[in-house]
Amino acid sequence: MKQGAGQASSLEELLAAKEIVVVCGPGGVGKTSIAAALATMASCHMGGRVLVLTVDPARRLAQALGLSSAPGRAQRVPPEAFADAGANPRGELWAEMLSTKQSWDRLVLRHAPDQHTAQRIIDNPLYQNISGRFVQSHDYIAVERLYELHSEGNYDLVVVDTPPTRNAVDFLLAPQRMAEFFSSRLLRLLTVPYRSRLVDVAARPFYYVADRVLGSQFLEDIAEFFILFQTLSDGFVARASEVERLLADRRTSFVVVSTLETVPVREAEAFMAMLPAKRLHLGGVVLNKVLPAYLTEQRLADRAELLCASADALAEELCRPSGPLAGQPAELVGRVLGEVGTNFNNIALVARREAGQRTELASGTPVLASVPELDDDVHDLAGVLHLGHHIWPGGEG
Amino acid sequence: MADLLDRKLLFVTGKGGVGKTTISAGLALMAASRGKRALVCEVDAKGDLAASFEAPPTRFQESQVAPNLWAMSMDSEASLRQYLSLQLRLPRAAGLGVVARMFDFVASAAPGVREIVTVGKLCWEVRERHYDIVVVDAVASGHIVGQLAAPQAINGLVQVGLVRQQTGWMLDILSDPAQTGALIVSTPEEMPVTETIELVGRLRAETTVDLAGVVVNRVLPELFGTREEQVFEALADPGVADVLDRGLEGGSAALLDAARLMVRTRRARAEHMEHLRRGVAEAAGGPVPMLYVPYLFLRSYGMRSTRQVAAALSAELES
Ligand SMILES: Nc1ncnc2c1ncn2[C@@H]1O[C@H](COP(=O)(O)OP(=O)(O)OP(=O)(O)O)[C@@H](O)[C@H]1O
Ligand SMILES: [Mg+2]
């Protein structure tokens with residue numbers, strides 16, 4: 001059996017063969033829970049040191065994994081917590097919650113030419129804003145931290161939960177955008193000393209309009225900041241390309257999580273379509289909140305139609321003095337039966353649409369797991385394990 | 001509740017995928033059918049709005065999609081051009097292409113610069129009274145605060161210049177609850193509920209825009225009342241299954257399972273809904289109008305679903 005670069009046929013194989021698994025996909029589909037479940041399953045079944053790097057998880061999940069106290073540092077999920085949840089892992093599970101601000105500061109300190117410049121950058125009022133939102137800074141920070149963790153080499157497997165971006169694709173483009181930002185012409189235009197602007201004939205209209213619109217003081221403020229920021233340029237650009245290389249490495253695999261709803265599927269598809277061009281390896285997709293397959297059976301849809309049509313007659317029969325529902329008002333029973341039939345038609349409609357989406361999504365991509373909508377939200381280690389059992393081959397899934 | 005439509009400018013926001021576009025389209029259609037001249041504007045230009053009306057792709061220049069109803073999509077560059085030439089009275093010749101790129105760049109560092117252009121265009125439509133109501137299919141929860149707080153941010157950062165001079169009248173419109181409101185769309189699920197509650201707090205703390213209401217979208221139907229529920233439980237009796245399977249030639253177990261699945265899912269969502277109600281009221285510091293829109297079981301979405309949403313919203317406004 002021939003397989004595409006980096007494609008594993010099962011989750012087990014994938015988690016065993018890779019050093020980094022990047023869990024990505026549209027927002028709200030359960031990435032954080034799935035990432036936690038993957039890491040937990042890997043540590044339970046395969047041993048070794050497994051780290052899950054997560055971004056802004058639901059607070060209770062953070063607590064369950066022991067993440068509440070120290071963002072920006074890895075902590076081991078205590079074996080007792082596993083014991084309490086009735087599990088006995090072969091390996092160690094570690095977890096870290098990403099801290100954007102802290103990681104940015106670290107980056108600035110690393111790449112600035114000297115301590116003084118670093119401090120001036122960090123103190124600049126625009127910096128706060130920058131480290132919060134500029135060029136998808138969460139995305140960049142996530143890959144940057146991943147790089148750091150991987151090069152420290154303390155873990156056998158790192159599972160990364162990617163930030164809830166507006167667009168899953170942003171995550172992939174972050175290192176490139178960061179590099180482009182530093183080499184852009186506009187950055188140069190803004191940061192040339194004020195005097196020499198007057199002689200740059202080509203750029204004169206730019207300054208004219210910019211001054212009138214935004215006022216020259218504001219432009220000066222921005223320019224000052226960028227001049228400082230530019231001192232980080234070389235370090236950033238070099239680092240960004242190393243980070244990109246790590247993402248494209250064969251030891252790294254991308255797992256896309258999606259539900260089968262219209263908007264997430266559309267986004268997941270756009271994301272997957274981008275991977276080959278960037279030479280990134282798609283491990284497969286994990287489908288979440290999937291409706292049970294029986295709902296799409298035509299045979300049952302026919303039965304449901306029949307039930308709607310014959311609800312009253314069946315109710316009469318059930319409510320006969322010798323029937324199983326003797327004594328119940330037939331009219332009420334008929335209404336309930338009719339409702340059961342209509343409900344089936346309704347859910348079947350959704351299930352079929354989702355099955356169609358699934359076929360599309362799964363063309364050329366292995367579906368590694370497909371998880372039903374669980375009744376409880378995943379908010380503690382037992383919940384993570386429960387989800388894990390649905391994902392893991394031979395589990396409930 | 002009916003005063004929702006008395007506002008001139010409504011920003012419809014919420015987590016990605018919850019139904020912002022669907023609700024914006026339905027709301028605008030309802031306003032139009034009540035005789036208001038309505039404009040609906042898609043800010044993220046994905047084309048979903050046009051699909052809601054089964055209309056050709058929307059552009060920056062608005063086009064009519066139904067009686068009394070016009071649709072447009074935001075285009076920050078086109079908006080910037082209009083802004084510069086109409087409001088700032090800059091000559092069109094002054095290298096607008098470069099300016100647009102400059103804006104883009106500066107906007108990556110300075111809060112509010114990009115947003116002011118979008119918000120400015122919408123406020124301008126209100127100020128010029130081109131429409132009775134402008135419904136904005138706005139950016140998602142993560143970005144809406146930045147957009148609505150743009151005028152203050154600009155005021156804080158930019159001391160002089162034409163942009164600064166423009167913020168005053170925009171703030172007047174945005175801060176007036178009689179004119180402007182935000183409508184958050186949510187679904188009764190964990191993440192959208194959490195995001196909605198957070199957003200209510202942030203809107204209140206960081207912007208001057210009034211919260212006009214919360215739309216709970218995709219509410220699952222309640223299959224059974226209490227008495228029906230008892231009957232439904234009695235259907236689990238094996239004797240019942242025999243009768244049903246004979247009548248239907250099999251399959252009754254699966255049909256009942258599907259009903260149980262719906263009851264269970266709805267029950268889980270009812271908890272999220274309760275959490276939403278409490279969380280929103282708490283974060284807003286008082287009661288907030290809630291509008292419920294049912295899950296629409298349709299094969300595809302277009303004018304028909306938009307009409308159904310409009311009808312559902314209309315019924316909610318009357319209640
Ligand atoms: N009440 C409803 N019942 C059933 N389906 C719905 C309902 N409302 C919206 N949908 C469907 O959900 C999907 C997302 O809706 P919509 O495009 O309006 O969301 P959005 O919030 O605008 O998304 P985005 O964040 O991508 O702009 C669409 O397929 C839409 O048809
Ligand atoms: Mg939309």
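In the text below, chain A, chain B and the rest are named by the order of the sequence lines, each starting its count at 1. Every value quoted in this text rests on a predicted model; they were computed, and no experiment measured them.
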Could you have a look at B/D237, B/D242, B/L244 and say which one has the most heavy-atom pairs with chain A under 4.5 angstrom? B/L244

Check whether A/P292 gets within reach of chain B through its side chain, its backbone, both or neither, counting any heavy atom under 4.5 Å. side chain

Between B/E189 and chain A, which part of the residue has a heavy atom less than 4.5 Å away: side chain, backbone, both or neither? side chain

Heavy-atom proximity to chain B below 4.5 Å, by part of A/L325: side chain

Of all of A/N345, A/V263, A/L306, which one pairs up most often with chain B through heavy atoms under 4.5 Å apart? A/L306

Check whether the side chains of B/D245 and B/S252 place a donor and an acceptor atom closer than 3.5 Å, and report yes or no. yes

Using non-hydrogen atoms only, which part of B/D48 is less than 4.5 Å away from chain A: side chain, backbone, both, or neither? side chain

Measuring heavy-atom distances to chain A, does B/L220 have an atom under 4.5 Å in its side chain, in its backbone, in both, or in neither? neither

Taking the basic N atoms (NZ, or NE/NH1/NH2) and the acidic carboxylate oxygens, is any pair closer than 4.0 Å for A/E317 and B/R246? yes

Applying the side chain to side chain contact (heavy atoms under 4.5 Å, CB included) criterion to B/L296, which one of B/V309, B/N217, B/T22 satisfies it? B/V309

B/R260 portion near chain A, given a 4.5 angstrom heavy-atom threshold: neither

Non-hydrogen atoms of chain B under 4.5 Å away: do they reach the side chain of A/R352, the backbone, both or neither? neither

Under 4.5 Å from a heavy atom of chain B, the part of A/L307 involved: both

Ignoring hydrogens and geometry beyond distance, is a side-chain donor-acceptor pair present between B/T21 and B/D137 at under 3.5 Å? yes

Closest non-hydrogen contact found for B/S79 with B/K121 is OG-CB, 3.5 Å

If you compare all heavy atoms of A/V257 against all heavy atoms of A/K31, which two are closest, and at what distance to 0.1 Å? CB-CG, 4.2 Å

Can you give me every donor-acceptor pair (side chain of residues 223-230 of chain B, partner residue at least two apart or in another chain, under 3.5 Å) with its distance?
from: B/E228; atom 1: OE1; to: B/G225; atom 2: N; distance (Å): 2.7
from: B/E228; atom 1: OE2; to: A/R335; atom 2: NE; distance (Å): 2.9
from: B/E228; atom 1: OE2; to: A/R335; atom 2: NH2; distance (Å): 3.0
from: B/E229; atom 1: OE2; to: B/R267; atom 2: NH2; distance (Å): 3.2

Donor-acceptor side-chain pairing of A/E339 and A/N343 below 3.5 angstrom: no

The interface call for B/S300 against chain A, heavy-atom contacts under 4.5 Å, is neither

Could you tell me whether B/E271 and B/R266 make a salt bridge, using a distance below 4.0 angstrom between a side-chain N and a carboxylate O? no

Checking A/R303 against chain B: side chain, backbone, both or neither under 4.5 Å from a heavy atom? both

Side chain from CB out, backbone as N, CA, C, O: work out which of these in B/A254 comes under 4.5 Å of a heavy atom of chain A, or both, or neither. both

Chain A contacts, top residue of B/T265, B/V18, B/L235, B/L298 (heavy-atom pairs, under 4.5 Å): B/L298

Just so I understand: if I count every heavy-atom pair under 4.5 Å between each of A/E297, A/Q328, A/E373 and chain B, which residue has the most? A/E373

Note: vs chain A, highest number of non-hydrogen pairs under 4.5 angstrom among B/L261, B/L256, B/L248 is B/L248

Under 4.5 Å to a heavy atom of chain B? For A/V350 that would be side chain

Nearest heavy-atom contact between A/G334 and A/A311 is O-CB, 3.5 Å

Correct closest heavy-atom pair for A/E354 and A/E261 would be OE2-CG, 4.2 Å

